[in-house]
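For reference, the structure discussed in these notes is given below.
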Amino acid sequence: MKEYDHKKIETKWQKKWAADELYKTPDKVKGKENFYTLVEFPYPSGNLHLGHWYAFAVPDIYARFQRMTGKNVLFPMGFDAFGLPAENAAIKHNLDPRKWTDQNIEYMTRQLERMGASFDWARSLRTTDPDYYRWTQFFFTKFFENNLAYQKEATVNWCSSCQTVLANEQVINGECERCDTEVTQKEMKQWFLRISDYADRLADDLDNLDWPEPIKVAQKSWVGRQEGTQFSFQVTAETGEFADLEVFTTRPDTLYGVTYLAVAPEHELVSQLLAAEGPVKSSSKDADANGVFNGVKIKNYDKVEMYVAQAEAKTERERQENKEKTGVKLEGVVAVHPATGAEIPIFVADYVLSGYGTGAIMAVPAHDKRDFAFAEKYNITITPVVEGDADDKVFTGQGTIINSGKFDGLPSAAAAEKITKKFGQKETTYRLRDWSVGRQRYWGTPIPIVYDPDGKPHAVPEEYLPWELPDDVDHTPSGEPPLASSKKLKERTEKIFGTGWTPEVETMDTFIDSSWYFLRYIDPDNSEDFASQSARDTWMPVDFYSGGAEHTTMHLLYARFFYKALADLGFVDGEEPFKRRMNRGLILGPDGNKMSKSKGNVIDPDDQVEKVGGDSVRAYLAFIGPYNEEGTYPWDMGGIAGVRRFLERAWAMQSNLVDEPDESIEQKLHQTIKSVTEDTKALKFNTALSAMMEYVNEAKRKTTKEQFRVFLRLLAPFAPHITEELWHELGGEGSVHQQAWPEYDEKALVVEEVTIAVQVNGTVRGEIKISAKADEKEILAAAREEENVAKYLESNPEIRHIYVPSRLVNFVTRK
RNA sequence: GCCCGGGUGGUGGAAUUAGGUAUACACGCGAGACUUAAAAUUUCGUGGCGCAAGCCAUGCGGGUUCGAUUCCCGCCCCGGGCACCA
């Protein structure tokens, strides 16, 4: 027998498959259903790591399985190639980011080819190609024209290390998603996409998707829809007139307990007051004991101004970490309680967030812990209005209403409804903010906007797309976006639009590039459209999308929004881009820690492929744990050796084939087909493999050629090279990967003899082997006669029994 | 604090969808065969305690049931999401 030479076999078949274009996917195949399997495309960092193998090679099993069951499967691969590392490499080594990126892509493409996955390379794409980003820009201009993209002055997240703005989704625990630098707040004019307009649809449409519940829950909580009530408080001031203060609350039943209002430092009431009154410099210290200075009772607006300035200088984290509530009373201005008419003080306090609700709250110190802490500190009245069971210091639950005029005695829920009806109105508020998409960096899709001499933005007309990224820029960080240093871009703008016109110099968040890439795979060479209507009809939506958990509230949310926006503009059909989604787990180093160079626990997939072969690597990754659960699986050197041994045993079977089929082996084969089919369908590749291992262990010297050919087809998606080699060794025609998936025969699964457990009071005391045809009576008789069981029944006579067909008998001897 | 997952041998994990022989498969470990020897391969064994009968074991404590890893109640621990969100 020939040795199992994985290197020879794998190179040979990879070449052959490429030459035969085995995985080229037509848009339509007569009689076949289309099936679109998608994996998140990689960033071309320069080297394929084990995580990439886990992300691509294991779903390849599923793609191959679907193909063998008769579907026309699209399984594409590309590169999400814009982004910071290229630019940082450019700065560090003084080279062109495009060159760095393209080199990496070439190298990684070769590595991917050695994976032996069934990608259709003819449909490959990279987001940095002008042919690709032309459409990214086209969509942006359409969003702009339809008021889905807009500019506004806003407080945004700033990463000082990446020197760019970040979207809320890209701030993880106050740190930059990329580099873990603490994010600060910065006031600047920024581009936004109106994702918040889609809040309800993003939350509600999840219900119709075949997605894991935890992802749905996480996305819903990110959208953060909250139903409540809005109340208006009239504002009375000594000088000037001010608009009513709108507050949002989820507890309208506590309205009568409101003893003060608080507004965020950024609230417009504060800036209006400051503008109207102006801070009297040094007034506090020059005033007399009654606060009178030069015969005028002075207000505290210098303190207010200082407080606001301090609050705005803090990072979000600093505001949060300061658990002590602080604030300053706004003097000379009061609010009128809508129900009682009482005058109540207004404070500015940074525990009120400007971005949530209306940026102002009605404070109910008796029933809210934060308001309570604040009221205690500043000696504000605390009026209880809800009575409940709990004897906490601050009762925050629902209960019976008191001290609330005619609403006394009502339960919270009823009072909430009545009070809302009488004094306020129902209101819904969301946590989701608009998506900040401008990046002050070079290596990204240029925002296709130009400004006229008056500074008004205009979309670059479609005929000038792609609006190309210029190459004459200074990459050295200067605080200015690099495109500002491009003469070519400036000249191009003036040449096309006229003197005095200037280009936008920011680039797009790369998450925009990846928000529609799945639409380009389906028609990648189309120069007239991002994808033809017929390609969209045949391929969209994506049937199965596998990726990492980190994208739950980033890419997945953005892509869903993008697709809905495109649908509203008439570019795509349907509501959702991804029918079924699965988050995979994480492969850890052998020491159980996340792989990292500093820990020295990195497993290089290329080394492993060299040693044991790509088939072993992918099969081991499939075997390491259930693929559709977000577990963390440590790489185990012994484990991969075990999988390699399994493949060797399968290899050896070709030399031990028998002529006469064995009945029990035939049955085992059908059981194996059943298990492998069901488990693979359910993405439980680990148990699918264990079923095949069982077959090999049992049948390795009792299998006929025909049976072995069935087995090879089962194993083919898991170990595509070795099975292809064996298929041909056995004289198989064509590729094993183009064979039909084996079907099992229900009749072949029927067993003649069953083993039935016999319990006494629920504890197994013996088992009997009996003909599958035996009826209950015969089985009970046999069970009672079982030696050990009889012993127990002798001392404790049977009162009754439970019979579970073909499984067990349980004799109950006590009441 | 709130919301999701999860906790099973020395290890990764099965069985949890419908309550029905817990620990499949693999690693590791032990013993044997082959070999001058080792490696490789192969055969057998392997939850714990016990000579055995048997007892005890699915994070802990209760409950329902003839029977609970599975269902219910109350905790503990680990991972993740959200979090001064009104």
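Within every chain, numbering begins at 1; the chains are lettered A, B, ... in the order of the sequence lines, protein sequences first and strands thereafter. Note that these values count all heavy atoms, side chains included, but never hydrogens, waters or copies made by symmetry.
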Distance, rounded to the nearest Å, where [X] contributes [atom1] and [N] contributes [atom2]:
| X | N | atom1 | atom2 | answer |
| --- | --- | --- | --- | --- |
| Ile587(A) | U11(B) | CD1 | P | 19 Å |
| Tyr351(A) | G1(B) | OH | P | 21 Å |
| Leu255(A) | A86(B) | CG | C1' | 14 Å |
| Asn593(A) | U11(B) | CG | C1' | 16 Å |
| Arg644(A) | C25(B) | CZ | P | 23 Å |
| Phe811(A) | U21(B) | CZ | P | 17 Å |
| Phe685(A) | G12(B) | CZ | P | 22 Å |

How far does the [atom1] atom of [N] sit from the matching atom of [M], given to the nearest Å?
| N | M | atom1 | result |
| --- | --- | --- | --- |
| C2(B) | G67(B) | C1' | 37 Å |
| C73(B) | A24(B) | P | 32 Å |
| C78(B) | C66(B) | P | 38 Å |
| G80(B) | U41(B) | P | 38 Å |
| A15(B) | U58(B) | C1' | 11 Å |

**Message:** Under 3.5 Å for both donor-acceptor distances, Watson-Crick or wobble: does A68(B) have a partner, and if so which one?
**Reply:**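 Because no pair has both required distances under 3.5 Å, A68(B) counts as unpaired.
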
**Request:** Hunt down the Watson-Crick or G-U wobble partner of U36(B), both distances under 3.5 Å, from any strand shown, or write none.
**Result:**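 Its partner is none (no Watson-Crick or G-U wobble pair with both distances under 3.5 Å).
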
Under 4.0 angstrom, heavy atoms only, what part of the nucleic acid is [X] near: base, sugar-phosphate, or nothing?
| X | value |
| --- | --- |
| Glu694(A) | sugar-phosphate |
| Asn761(A) | sugar-phosphate |
| Phe623(A) | base |
| Phe248(A) | base |
| Gly625(A) | nothing |
| Thr763(A) | nothing |
| Ile624(A) | sugar-phosphate |
| Lys216(A) | nothing |
| Arg433(A) | nothing |
| Val217(A) | sugar-phosphate |
| Asn788(A) | sugar-phosphate |
| Arg225(A) | nothing |
| Asn697(A) | sugar-phosphate |
| Gln226(A) | sugar-phosphate |

**Asked** Would G79(B) be called syn or anti, given that syn covers angles within 90° of 0?
**Response**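 Judged by the O4'-C1' to base torsion, G79(B) sits in anti, the angle falling more than 90° away from 0.
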
Does [X] place a side-chain N or O at less than 4.0 Å from the phosphate oxygens OP1/OP2 of [N]?
| X | N | result |
| --- | --- | --- |
| Tyr356(A) | A86(B) | yes |
| Lys684(A) | U16(B) | no |
| Arg645(A) | A40(B) | no |
| Tyr792(A) | G54(B) | yes |
| Arg807(A) | G67(B) | no |
| Arg765(A) | G67(B) | no |
| Lys769(A) | U21(B) | no |

**Item:** Ser546(A) OG to Asn628(A) CG distance, which is reported to the nearest 0.5 Å
**Value:**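 Here the rounded value is 10.0 Å.
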
**Asked** Once you round to the nearest 0.5 Å, how far does CZ of Arg765(A) lie from OH of Tyr792(A)?
**Response**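 One gets 3.5 Å once the value is rounded to the nearest 0.5 Å.
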
**Message:** Restricting to non-hydrogen atoms, name the atom on Glu312(A) and the atom on Pro265(A) that form the minimum distance, rounded to 0.1 Å.
**Reply:**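 Closest approach of Glu312(A) to Pro265(A): OE2-O, 4.4 Å.
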
**Cationic tip of Arg560(A) above Trp211(A) ring, under 6.0 Å, 45° of axis** =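 Satisfied, under 6.0 Å and within 45°.
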
**Prompt:** Would you say the side chain of Tyr54(A) lies within less than 4.5 Å of the side chain of Ile624(A), judging by non-hydrogen atoms?
**Reply:**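 Contact flag for Ile624(A)/Tyr54(A) side chains = yes.
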
**Message:** Within the 4.5 Å heavy-atom criterion, are Asp244(A) and Val235(A) side-chain neighbours or not?
**Reply:**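 No - every pair of side-chain heavy atoms lies 4.5 Å or more apart.
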
**Asked** Is there a donor and acceptor pair, one atom on the side chain of Lys325(A) and one on the base of C84(B), closer than 3.5 Å?
**Response**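 Under the 3.5 Å cut-off, the side chain and the base do form a donor-acceptor pair.
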
**Message:** Going by side chain to side chain contact (heavy atoms under 4.5 Å, CB included), Phe718(A) matches just one of Val643(A), Ile61(A), Asp615(A), Val58(A). Which one?
**Reply:**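 When side chain to side chain contact (heavy atoms under 4.5 Å, CB included) is applied between Phe718(A) and each of Val643(A), Ile61(A), Asp615(A), Val58(A), only Ile61(A) qualifies.
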
**Asked** Would Glu798(A) and Arg784(A) pass as an ion pair if we require N to O under 4.0 Å?
**Response**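 Salt bridge flag = yes for Arg784(A) with Glu798(A).
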
